[in-house]
Number of protein chains: 2
Amino acid sequence: MFPKKVHYGLRFLLTLSGLAEGSHLGVAEIAERERLSVKFLEAIAVALRKGNIVNVRRGAGGGYSLAKPLKEITLYEIVLLLDEKLDKTIATEGSTTEKAVGRFLTSVRNDYGRLLRRVTLEKLRNYFAEENESIMYYI
Amino acid sequence: MFPKKVHYGLRFLLTLSGLAEGSHLGVAEIAERERLSVKFLEAIAVALRKGNIVNVRRGAGGGYSLAKPLKEITLYEIVLLLDEKLDKTIATEGSTTEKAVGRFLTSVRNDYGRLLRRVTLEKLRNYFAEENESIMYYI
DNA sequence: CAATATCCTACCTTTTTAATAGTATTAATT
DNA sequence: AATTAATACTATTAAAAAGGTAGGATATTG
């Protein structure tokens, strides 16, 4: 249902969220930790930067950091930046059936958008924390 | 956001909803009215029949009819039958970030499913009725 | 200035979506 | 029973989107 870009983007942000205040992490480093393609992750990072989700510091010793805490980032922003499907308009022209179906599906898409806007990445962080706890028990 | 199959399927059902009780309409007839590919619409009709959304009468003089009124059909059923994306499971294995992201996105997908289950095709019919009214004014 | 990291453009491969064609099957009508 | 009108099935193809690669340009720190 969600493209890989969204999955990878969330893992990227999750990794950044573990960073100390004021520090940065490079894409190559993150890609290695997460076992993801460097080049593919680069493109995702650029998109997130353009959407003001992350800050960048270019050049040697640079990398990315979160522009705001996870609880202030909604899933809607992420999906909008990394999955172009959401904003392309549904045709509401043509025959009466076409118009009716177009308006109907548009209203559902709007409801879906509202749903995504209510979900923040704080929930993601909670899942992440849980996973790490359960690993702790093994040790 | 929704594939053509869903758009066409809804137009197909909308056309059937105008039918008198006990009568049937062939795919070729519907495809001509709606200016859709006969063969493509055939495949959609078969899927809807397998999902018990429509009844079929094969052979000469046959065709399709609604198996139940529009208000008893949810958008969830239609999307599930005509868009395979919704039921394929999201991976919740691998690294801790992968698991966390998997669980997070699965929960959102479930919320989306609940949203679709609350939407019935009665709303679609209302939009359709509106469109037809506004045409009436022109005449 | 050298090293390091992002940024940009173009390309390639695989998968999915959309559509088409031909044939087999079913059943009503004559 | 033959004819005809309809759905059902299988295979193929074309176009679009998703996923991934490659190389070099650009910026910035040390």
Taking the side chain as every heavy atom from C-beta outward, state whether [X] and [Y] have any atom pair closer than 4.5 Å.
X: Leu105(A); Y: Met1(B); result: no
X: Leu19(A); Y: Leu66(A); result: no
X: Ile30(A); Y: Leu16(A); result: yes

By salt bridge (Lys or Arg N to Asp or Glu O under 4.0 Å) - contacts of Asp87(B) (at least two apart): none
Check salt bridge (Lys or Arg N to Asp or Glu O under 4.0 Å) between Glu29(B) and all other residues, then give those that pass, not counting sequence neighbours. Arg33(B)
N/O donor-acceptor pairs under 3.5 Å from side chains in residues 116-127 of chain A, not counting sequence neighbours:
{"residue": "Thr120(A)", "atom": "OG1", "partner": "Glu122(A)", "partner atom": "N", "Å": "3.2"}
{"residue": "Lys123(A)", "atom": "NZ", "partner": "Ser107(B)", "partner atom": "OG", "Å": "3.3"}

Could you check whether the rings of Phe40(B) and Tyr8(B) sit parallel, tilted or perpendicular, using 30° and 60° as the cut-offs? perpendicular
Going by salt bridge (charged side-chain N to carboxylate O under 4.0 Å, His left out), name the pairs with one or both residues in residues 4-19 of chain B, residues two or more places apart or in two chains. Glu98(A)-Arg11(B), Lys5(B)-Glu84(B), Arg11(B)-Glu34(B)
Note: chain B reaches DNA chain C at heavy-atom distances under 4.0 Å over the stretch, first to last nt, 5' to 3', of dT17(C) to dA28(C)
For DNA chain D, the residues among residues 11-29 of chain B that have a non-hydrogen atom under 4.0 Å from it: Gly26(B), Val27(B)
Show me the pairs that pass side chain to side chain donor-acceptor pair (under 3.5 Å) and involve residues 47-71 of chain B, at least two apart or across chains. Lys68(B)-Glu77(B)
Sub-3.5 Å pairs of nitrogen or oxygen atoms, protein against nucleotides 13-16 of chain D:
none

Would you give a per-nucleotide map of nucleotides 17-30 of chain D, 5' to 3', where B means the base has a protein non-hydrogen atom under 4.0 Å away, S means only the sugar-phosphate does, and - means neither? SSSBBBBB-BBBB-
Pairing residues for [X] by the side-chain hydrogen bond (donor to acceptor under 3.5 Å, both in side chains) criterion, not counting sequence neighbours:
X: Lys99(A); value: none
X: Glu72(A); value: none
X: Glu42(A); value: none

